[in-house]
Amino acid sequence: MSGSETFDVVIVGGAVTGSSIACHLGMDPAFRGRILVIEKDASYANCASARSAASIRQQFSTAANIAISLYGIEFLREIGARLEVAGDRPEIDLVEGGYLFLATPAGRTVLEENHALQTRLGADIAFLEPDDLRREFPWLMTDDLAAGCFGRTGEGWFDGYGLMRAFRAKARALGAEYRAAKVASIAVEAGRAIGVVLADGTAISAGTVVVAAGIASGRLAASAGIELPISPRKRMIFPFDCADVIAPRCPLLVDPTGAYVRAEGKGFICGAGPAEDADPENDPDDPDFEVEHDFFEETLWPILAARVPAFERLRLGRPWAGHYDMNLFDHNALLGPWPGLENLHFACGFSGHGLQQSPAVGRGIAELVVHGAFRTLDLADLATARLVEGRRVAERNVV
């Protein structure tokens, strides 16, 4: 790519994951290079960071995801000190309100297995029998439940857009350059990524290319001859107010059906994906932002009102839609270099977990770029190489 502008690292995607990577590169004392972050949506209005329910939990079924979020909550608690810029300490309004996963008799064994792993790794999760659920959450209908798990500390929700802005501000303060543009393709030559080509034809050379472009990551990988099983899956969030008071405050409650609800200010937000055994046609490849209001009226509201009778009387607010960059292979993130292209890294396929995983992922990808290996938290289970190896890391707790 002779005559083109040259950077040591080019990061495609400037939302929370890309900005976390840029930030952690800049904070690494061993890194002295130039960083360019390319983001097609300079307003960030449609990025997942802005449209997410912005929550964090340790209640996963895989050790890697639990470890990532244990680090993540530590980072979020200390974000003011970690991402301070010129005396300005960012705030993300972290609320450790907990997750409450509920199980019917059919799901109790899985809940028990997950709980054993979570607590062994250090997560503060309480296993609750039906009597415990009725005592702790008297507004909850428990007749069909066999158990629940509640995150007493270390789980909750926060300002996801604020986290993205804090990473971006710190990265820029550390010297990263941001550019509003669309990347059309990744240039590959002799077994190496040599840069990117923008939609206007501009070529930019790079020593390392990192793809953190959410639902666009699959398209960009294809331009380098790589097939990634990433597909956009639309998820809608419905805010509402409730006429009846719920006490104690509602945690992020995950119903056995997959529907969820949590407190948001004086009101609530809720949503759901399709049932695990649903027809794939009910969860199509869907990149639009249209809200399907019938989904709330016909599917979501009846589930919530049956679980929390107080929700029979509510007033719906203005809903919105966003997208998971769903990894159809195993619903886990794809991290690190592609086999045979060791300077082309990916950080995508988060399947709805990108915001909460961004602190650990940003640090991990930066370590790979600078040091050639993970140094503080081993994320090798989530390596992109598992696609080639056919090695699935199945995550059973996808919300």
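Scope of the values below: all heavy atoms of this structure, side chains included, with no hydrogens, waters or symmetry mates.
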Glu136/Arg152 ion pair, N-O < 4.0 Å
no
So, Phe311 versus Phe240, ring centres under 6.0 angstrom or not?
yes
Any carboxylate oxygen within less than 4.0 angstrom of a Lys/Arg side-chain nitrogen, looking at Glu129 and Arg135?
no
Lys266/Asp241 ion pair, N-O < 4.0 Å
no
Of Val211, Val10, Val12, which is the lone residue that meets side chain to side chain contact (heavy atoms under 4.5 Å, CB included) with Ile186?
Val211
Please round to the nearest 0.5 Å and tell me the distance separating atom CG of Asp28 and atom NE2 of His371.
3.5 Å
So that I can tick it off, tell me whether Arg179 and Glu5 are bridged by a salt bridge, with the cut-off set at under 4.0 angstrom between side-chain N and carboxylate O.
yes
Answer with yes or no whether the side chains of Glu395 and Thr62 bring together a donor and an acceptor at under 3.5 Å.
yes
Pairing donors with acceptors under 3.5 angstrom, does anything connect the side chains of Asn65 and Gln357?
yes
So, Trp157 side chain and Gly97 main chain: donor-acceptor pair closer than 3.5 Å or not?
no
As a quick check of understanding, evaluate ring pair (Phe, Tyr, Trp, His ring centres under 6.0 Å) for Phe289 and His323, giving each step before the final call.
CA-CA 8 Å; Phe289 291 90; His323 300 96; 4.7 Å; yes
Side-chain heavy-atom pair Phe350, Leu355 within 4.5 angstrom cut-off
no
Is there a donor-acceptor pair under 3.5 Å between the side chain of Glu96 and the backbone N or O of Gly154?
yes
Mind checking whether Arg307 and Thr257 have side chains closer than 4.5 Å, heavy atoms only?
no
Using the benzene-type ring in the case of Trp, are the ring centres of Phe75 and Phe167 under 6.0 Å apart?
yes
Quick one: does NZ or CZ of Arg386 land under 6.0 Å from the six-membered ring centre of Phe329, within 45 degrees of the ring axis?
no
Lys NZ or Arg CZ of Arg235 over Tyr324 ring: under 6.0 Å, within 45°:
yes
Checking Leu334 against Ile230 for the side chain to side chain contact (heavy atoms under 4.5 Å, CB included) test, could you report, in this order, the C-alpha distance in whole Å, the side-chain angles of both residues, the deciding distance, and whether it holds?
CA-CA 10 Å; Leu334 296 167; Ile230 292 178; 4.2 Å; yes
